[in-house]
Amino acid sequence: MEPIIIVLIILVVLVFIALIKTIQVIPQASAAIVERFGRYTRTLNAGLNIVVPFIDSIRNRIDLREQVVPFPPQPVITQDNLVVNIDTVIYYQVTDARAATYEVASYIQAIEQLTVTTLRNIIGGMDLERTLTSREEINAALRGVLDEATGKWGIRVNRVELKAIEPPTSIQDSMEKQMRADRDKRAAILTAEGTRQAAILTAEGEKQSQILRAEGEAKAAALRAEGEAQAVRTVFEAIHAGDPDQKLLSYQYLQMLPKIAEGDANKLWIVPSEIGDALKGLSGAMGNFGNLGGGPTVPKPADGNADRREKPAID
């Protein structure tokens, strides 16, 4: 009985192994290459797949997602005989699992070597300055060559990026000095331009301020003159409306005399001829005021020369 049990156990194990080999589960975005007796049979896609155990075998499992492969720095000689180190990054995707398995032994190594050789051919036709400023041009040329070469391998190159371009140390020092000099030059130009613009704006501001101040003073003088003219007209109209006599006018004239003499510049002023008439009118008014008070009245001489006193003759 014991040998029979052993044989049954062996059969069960074999059946279990056969079931495991028969059912193949392929993850999403993956593919598997199936060979029968060493010959390609079919490609298994994502999901549950059935194969013939011990006859069919899985040759290779390939990831169909986009892959990113950074390559180490490669020394490249430019057209002006300068050695630069260039780091590249390749974004690729397997589109045909069968071609990627049977058309090339190692597509990663093949892409790397093709990238290096193509990069040397492209950079060899450019000088250092163009190399540093033509990343997009280099990327486009490199991608075109790689895409054309890797198409038969079942590989699609989506992007090629130059991660870094490192010129020699001496060239870096010279470039740094040149950039520093250019920055200093631009700073000096910007400073001079700012000073010039500030001076122009200051002059324009002062000009505008003087214009506005002059306009304000002119308007103020016009308004002041208009106000004085209006005041004179008002006083003139009030005087004529009140119908003043000569005595009142004489008194007002005498009151204005001190105001005429005001000011430091009035060192000399001329008494007008009308002052005599004003004094006569004022004296007459004062005489009438004395008569109203009951004081003695001095008779007015008939002859205007009667009040003259005779002066003794001088021998």
Side-chain angles (χ1 to χ4, degrees), residues 17-76 84-126 130-166:
I17 294 174
L19 289 176
I20 293 176
K21 288 185 172 292
T22 301
I23 299 174
Q24 296 291 332
V25 178
I26 306 301
Q28 184 66 32
S30 298
I33 301 299
V34 178
E35 293 180 349
R36 179 171 294 176
F37 299 116
R39 185 175 182 180
Y40 171 76
T41 303
R42 59 193 174 111
T43 301
L44 301 182
N45 297 320
L48 183 64
N49 297 272
I50 304 298
V51 297
V52 179
F54 305 108
I55 297 177
D56 295 338
S57 61
I58 303 299
R59 165 69 184 273
N60 191 14
R61 295 178 184 268
I62 298 176
D63 193 344
L64 300 179
R65 295 174 297 179
E66 185 174 7
Q67 304 292 322
V68 181
V69 179
F71 295 144
Q74 298 294 330
V76 181
V84 295
N85 293 323
I86 300 179
D87 296 348
T88 55
V89 179
I90 304 296
Y91 296 81
Y92 73 93
Q93 186 176 10
V94 177
T95 57
D96 188 353
R98 178 183 176 278
T101 303
Y102 296 104
E103 295 297 334
V104 61
S106 174
Y107 56 83
I108 297 296
Q109 186 178 1
I111 292 175
E112 181 180 1
Q113 296 302 320
L114 182 61
T115 301
V116 171
T117 55
T118 305
L119 191 61
R120 288 177 178 174
N121 291 333
I122 295 174
I123 301 300
M126 298 181 178
R130 185 181 175 188
T131 301
L132 295 175
T133 59
S134 303
R135 287 175 178 262
E136 293 297 332
E137 181 181 354
I138 297 172
N139 292 340
L142 190 60
R143 180 180 178 276
V145 174
L146 289 177
D147 198 15
E148 181 180 358
T150 58
K152 63 180 180 179
W153 300 340
I155 307 294
R156 182 175 69 245
V157 177
N158 295 326
R159 296 179 62 186
V160 179
E161 295 292 340
L162 300 182
K163 187 168 61 175
I165 301 177
E166 298 180 359

Checking the side chain of Ser134 only, and the main-chain atoms of Arg130 only, is there a donor and an acceptor separated by less than 3.5 Å? yes
Test Asp56 against every option in Arg39, Arg36, Lys21 by the salt bridge (Lys or Arg N to Asp or Glu O under 4.0 Å) rule and name the one that passes. Arg36
Note: Arg59-Glu35 ion pair, threshold 4.0 Å (strictly below): yes
Any heavy-atom pair between the side chains of Asp96 and Glu103 that's under 4.5 Å? no
Under 4.5 Å between any side-chain heavy atoms of Leu44 and Arg61, yes or no? no
Test side-chain contact (heavy atoms from CB on, under 4.5 Å) on Val89 and Val69 and set out the steps. CA-CA 6 Å; Val89 179; Val69 179; over 6 Å; no
Going through the checks in order, is the side-chain contact (heavy atoms from CB on, under 4.5 Å) test met by Asn45 and Ile26? CA-CA 6 Å; Asn45 297 320; Ile26 306 301; over 6 Å; no
With a 4.5 Å heavy-atom cut-off, do Arg156 and Asp147 have their side chains touching? yes
Ignoring hydrogens, what is the shortest heavy-atom contact between Ala46 and Ala29? Give both atom names and the distance. CB-N, 4.4 Å
To the nearest 0.5 Å, what is the distance between CZ on Phe71 and CD1 on Ile108? 6.5 Å
Say whether, by atom type as modelled, one donor and one acceptor occur between the side chain of Asp87 and the main chain of Asn85 under 3.5 angstrom. no
Testing the basics here: between Ala141 and Ile122, what is the closest heavy-atom pair and its distance to 0.1 Å? CB-CD1, 3.6 Å
Just how far is it from atom CZ of Arg135 to atom CD1 of Ile86, taken to the nearest 0.5 Å? 9.0 Å
To the nearest 0.5 Å, atom CD of Glu137 lies from atom OG1 of Thr131 at 9.5 Å
Heavy atoms, side chains only, cut-off 4.5 Å: are Pro70 and Glu161 in contact? no
Rounded at 0.5 Å granularity, tell me how far OH in Tyr91 sits from CD in Gln67. 12.0 Å
Mind listing the closest non-hydrogen atom pair of Tyr107 and Ala100 along with its distance? CD2-O, 3.7 Å
Heavy-atom check, side chain of Leu132 versus side chain of Val84, under 4.5 Å: no
Residue pair Val94 / Asp63, side-chain heavy-atom distance below 4.5 Å: no
What's the shortest heavy-atom distance between Ala31 and Ala97, and which atoms? CB-CB, 4.0 Å
Quick check for you: to the nearest 0.5 Å, what is the distance between Met126 atom CE and Thr133 atom OG1? 8.5 Å
Quick check for you: to the nearest 0.5 Å, what is the distance between Ile90 atom CD1 and Arg143 atom CZ? 10.5 Å
Closest non-hydrogen contact found for Glu66 with Asn158 is OE2-ND2, 3.1 Å
Side-chain heavy-atom pair Tyr102, Ile33 within 4.5 angstrom cut-off: yes
If we only count heavy atoms from C-beta on, is the Val160 to Ile138 side-chain gap below 4.5 Å? no
